Amino acid sequence: MLHHRSGLPDSWLDIVVRKVAVWGVLDDDEREHLAAASDWLLRHKHWEAAHGFALDDDITVTIAAQAALLVLGLSVDEYREVSAIIVYPTAMQSRGVYAGPVPGTVTDSVVPVLGEAHDGRGPVLLAWDQAEDAARNPGGGHNVVFHEFAHKLDMRDDIVDGTPRLDRREDLDRWVEVCTEVYDALRAGIERPPLQPYGATSTAEFFAVATEAFFDVPVTLEQHEPRLYEVMRDFYKQDPAARARR
Ligand SMILES: [Zn+2]
């Protein structure tokens with residue numbers, strides 16, 4: 001079902017106050033940017049409900065606000081390749097070959113898929129119950145909206161490799177050095193909390209998982225993985241740990 005394209009509804013402020021916990025720690029400038037980026041997403045993207053489901057303002061605003069948080073220091077233009085946001089009521093059941101829970105294994109059973117990001121001009125698919133819970137109750141290290149939209153940022157340079165576009169050579173070198181060290185440890189089965197072990201699946205999943213930690217548990221990530229926190233902060237051009245502390 002297609003949702004008519006319009007910007008933020010009149011009730012948007014009430015919705016973010018009720019449903020998006022991070023709103024409470026943003027300053028006025030960040031709130032203004034978040035609202036503008038959310039409005040752009042609602043206006044310029046196709047918002048679609050999966051078969052048998054219907055969208056309402058709570059759903060679109062809550063998802064748009066979380067996607068907008070990632071690009072507060074960047075530009076909404078980073079999302080120009082997102083053709084549509086397709087919302088499912090809950091996890092999609094998918095049969096196929098997936099990376100298993102243990103690195104290097106695969107599973108072909110029916111697995112719940114919380115979200116997907118298709119490359120090129122592809123859509124983002126999201127499970128609403130997951131997106132809603134993560135928005136309201138941050139701190140678990142999981143956020144499907146951050147995860148899937150991070151994949152879209154990674155795809156901006158046409159290579160899905162966990163390295164987003166970095167303009168300066170020295171930033172790229174440092175990014176690769178820092179991320180490779182943590183990624184290799186995860187691959188070796190060494191736990192690096194608060195990063196989810198799923199980050200060991202591929203470099204692309206590593207970036208998505210690191211993004212989830214950076215925005216959802218920033219203070220913990222900064223304490224446990226200060227170098228990773230720093231390269232993420234420099235890429236995203238925002239400091240969620242400082243924000244959470246003030
Ligand atoms: Zn992923």
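For ligands, and for the atoms within them, numbers begin at 1 and follow the listed sequence. Owing to the predicted nature of the structure, the values given are computational and were not obtained by experimental measurement.
- Tally of protein N, O or S atoms closer to the Zn ion (ligand 1) than 2.8 Å: 4.
- Annotation: ring-ring contact (aromatic ring centres under 6.0 Å, His included) contacts of Y88 (sequence neighbours excluded): none.
- When each of R165, K152, K237 is checked for a salt bridge (Lys or Arg N to Asp or Glu O under 4.0 Å) with E78, only R165 meets the rule.
- Residues satisfying the ring-ring contact (aromatic ring centres under 6.0 Å, His included) criterion with W128, sequence neighbours excluded, are absent altogether.
- Clustering of Ile, Leu, Val, Met, Phe, Trp and Tyr by side-chain heavy atoms under 4.5 Å joins I190 with none of the others.
- Here the side chains of S38 and W12 are not in contact, with every heavy-atom distance at 4.5 Å or above.
- When atom types are taken as modelled, the side chain of E132 and the backbone of I59 share no donor-acceptor pair closer than 3.5 angstrom.
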